[in-house]
Amino acid sequence: MEISAERSAFYQELSRKIRILILVISFFPFTLTTGILFYRFNLTYTEKIQAHISELVQKHTQNIDTFLSEKLGNIRHLAYQLENNTQPPEQFLKTNLELLETEYPDSFTDISIVNEDGLQIAYEGPFNLKNADYKNSEWFQNAMEKPFYISDVFAGLRGHPHFIIAVKVRLSGKDHILRATINFAGFNSMVENIQIGKTGIAYILNSKGQVQTKVDIRINPSIIASLVDYKNPENRTIIAEKQDPAGNKYLYAISTLKNIDWSVVFRQDVRDAFSDFRKTQMLTLLLLVVGCIVVITVAFTLPRYIVKLISSAETKSEAMNRQVVESGKLASIGELAAGIAHEINNPVAIMVEEAGWIEDLLEDEALKETGNLLEFKRALKQINTQGKRCKEITHKLLSFARKTDSTINDVEVNEAIREMVSLTAQMAKYNNVSIGTKLEENLPFVRISPSELQQVMLNLINNAIDAMEKTGGSLTIETLRSHAEKKHIEILIEDTGPGIPKENLERIFNPFFTTKAVGKGTGLGLSICYGLVQKMGGKIEVSSQVGVGTQFRIFIPFQDDLTENIKSEFKTTIL
Amino acid sequence: MKKIKLLLVDDEKAFLDTITKRLELRDIDVSAVYSGKDALSEIEKNKSVEVILLDVKMPEMDGIQTLVELKRKAPLVEVIMLTGHATVESAIDGMKLGAFDYLMKPCDIDVLIGKVKGAASKKRDHEEKITEARIKEITERRV
């Protein structure tokens, strides 16, 4: 059915509104939920990562602390032994260095004794440093002021970076320093021995922000300087995020050592530290995008589907409304017709009687002489004829309006049709119309009034013959189990007449609508058919093409069980 | 043969006037009234009425009601129902209540006369039979 422009615009507007509604009610909670979840996840995950790194760095710091405490303990113990030593100092140092190397491999490089003037009086180690003078060395001055001292890393006389542990001892009543150099390479590997991710590195800074381990070229000096501020008196690990001048973001974990004013710094590329998180982020984003695509797809397809359903429902409802209006119209016209029929018969009867009276008077001998006698008689006959025609019309009207008590029977449609075809055969022949039938065998019985079906068929056949009376043609009547309507028998009455123009097609079931010449049709035949078929619980449809012909389709419902029952009864009877 | 005495009952005066003239021309003794009430008083006054042509649809007292009263007052008078109402039902109702036949307006004068004659002859037969029965009864008593 063609949809008007106004309705089309309405559907478009409806579609647009549904689309907006879907988008709003989908996107708002969708993005809100995703956003909140994402934010919460981000927060939790960051905290988790930081806690993890913090814990690892804390443990690592503890390891370094333990190492330094242990080494300090070793040297202090050695200092105590030295104070009570009777051996020559070189011998003592040699024996004990060997012992320490055995006990703690790669921990000590050398060991020596420095007198109060800074002169190294005894030395055991790989370098030739006996009698070296440390009087002006920073470490010596610091060491002389404290019972023990761990130095920063320095190059010293040997020209290699190293640091020392110095413990004050009393030898021959004078202060001396027992000094041990920590194996720098070993210490360095221990500090660096923290593996987190691909980019995690660790190093040590002193209180001045100088790196105390091997300087990694990746470490940016400006960042190192800024890390000095992160001193933590409570020995807690501090987490900070810094960006280098190149724009790379790093996550820093800083933890302070107990025995020395050094900080263990751990650095990891933020991208590396949060790589799993980034993957989750990407996945979430992907899901968000997929979700959005789904929502948009639904927002564009669903309204179309809904509008289609609404449109189809409206079309059906309109068709039903039209049928209801049609039925209502028929009913009211029926009542009107009955009233008219009652009233019109009386004046017609008077007219006919008056005409009869004139006829009677014309029998008078004197009047028989009048020249126009024949004309009078003809006119009176015409009045009589037309009076009878009026009577026929009113009788048809009344039969249309009357509620028939026609008995309902199980009817074999084909049989009823054959009967009607034989009744009209003569008339068809006279009008040069050939009637053909194509009746499907073993059709189910229908429970209707047989005379009503015959009336319907007769009206349709007569109409078809009337339509083809000038040109002749063929009329085909077909019966079949309907494919269009389940559990319905379909009767097709198809003619090759001139067809019905579109403007008339919608009105042909209206009472009093006729295209036949005046006096030929009452315009009630098809509306009677319409009413009767509706009464049968069926429907009648018409399609026509001007110049090709007209097709009426009647659908009459049947009940399967009814047919089966009748057939089985029939079989029983035969048996 | 004795003229048939016919009473016409219809509210359509024009119809009655014309048909009265036509029937009189055909040798029928016609009297006409225009309502059911008038018909009842007429039948009281004029006992010679043999056949009544009674319209079904009339104001106040309709044909069926009139028929019932008429049959009560003059059971032997034959009634032909005349109707513009083409329903078989009203005619059948009338027949059940004792009407002789029914006719639909407009009707052919010859058909009408045929039916009137049939009704009159039935009435006369009936009366004759009653008379015979009475004579027989009287004769038997005397014997």
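All values reported here derive from a predicted model rather than from experimental measurement. Throughout, a chain's letter reflects where its sequence line sits, starting with A, and its residues are numbered from 1.
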Inset, instruction - Check whether any side-chain heavy atom of B:L82 lies under 4.5 Å from a side-chain heavy atom of B:F15, and answer yes or no. - result: yes
Inset, instruction - Look at atom CD of A:E363 and say whether more than 12 heavy atoms of other residues, nucleotides or ligands are closer to it than 6.0 Å. - result: yes
Inset, instruction - Apply the side chain to side chain contact (heavy atoms under 4.5 Å, CB included) test between B:L23 and each candidate in B:V116, B:I109, B:T18; give the one that qualifies. - result: B:I109
Legend entry - Lys NZ or Arg CZ of B:K115 over B:F100 ring: under 6.0 Å, within 45°: no
Inset, instruction - For the residue pair B:L53 and B:L112, establish whether any side-chain heavy-atom pair is separated by less than 4.5 Å. - result: yes
Legend entry - Contact residues of residues 3-11 of chain B (partner chain A; heavy-atom separation under 4.5 angstrom): none
Legend entry - Pair A:E375 + A:K377: basic N to acidic O under 4.0 Å: no
Inset, instruction - Pull out the residues in residues 119-131 of chain B that come under 4.5 Å of chain A, heavy atom to heavy atom, sorted by number. - result: none
Inset, instruction - Would you check if the side chain of B:D108 reaches a backbone N or O of B:D110 as a donor-acceptor pair within less than 3.5 Å? - result: yes
Legend entry - Backbone of A:G356 reached by a side-chain donor or acceptor of B:R22 within 3.5 Å: yes
Inset, instruction - Sort and list the pairs that fulfil salt bridge (Lys or Arg N to Asp or Glu O under 4.0 Å) and have at least one residue in residues 61-71 of chain B, not counting sequence neighbours. - result: B:E69-B:R72
Inset, instruction - Answer yes or no: is there a side-chain heavy-atom contact under 4.5 Å between B:E132 and B:K136? - result: no
Inset, instruction - Check each of A:V411, A:I554, A:V456 against A:M536 using the side chain to side chain contact (heavy atoms under 4.5 Å, CB included) test, and report the only one that passes. - result: A:V456
Inset, instruction - Kindly assign one of parallel, tilted or perpendicular to the pair A:F509 and A:F552, based on the angle between their ring planes and the thresholds 30° and 60°. - result: perpendicular
Inset, instruction - Taking the side chain as every heavy atom from C-beta outward, state whether A:E359 and A:N384 have any pair of such atoms under 4.5 Å apart. - result: yes
Legend entry - Heavy-atom contacts under 4.5 Å, residues 24-51 of chain B to chain A: B:L25, B:R26
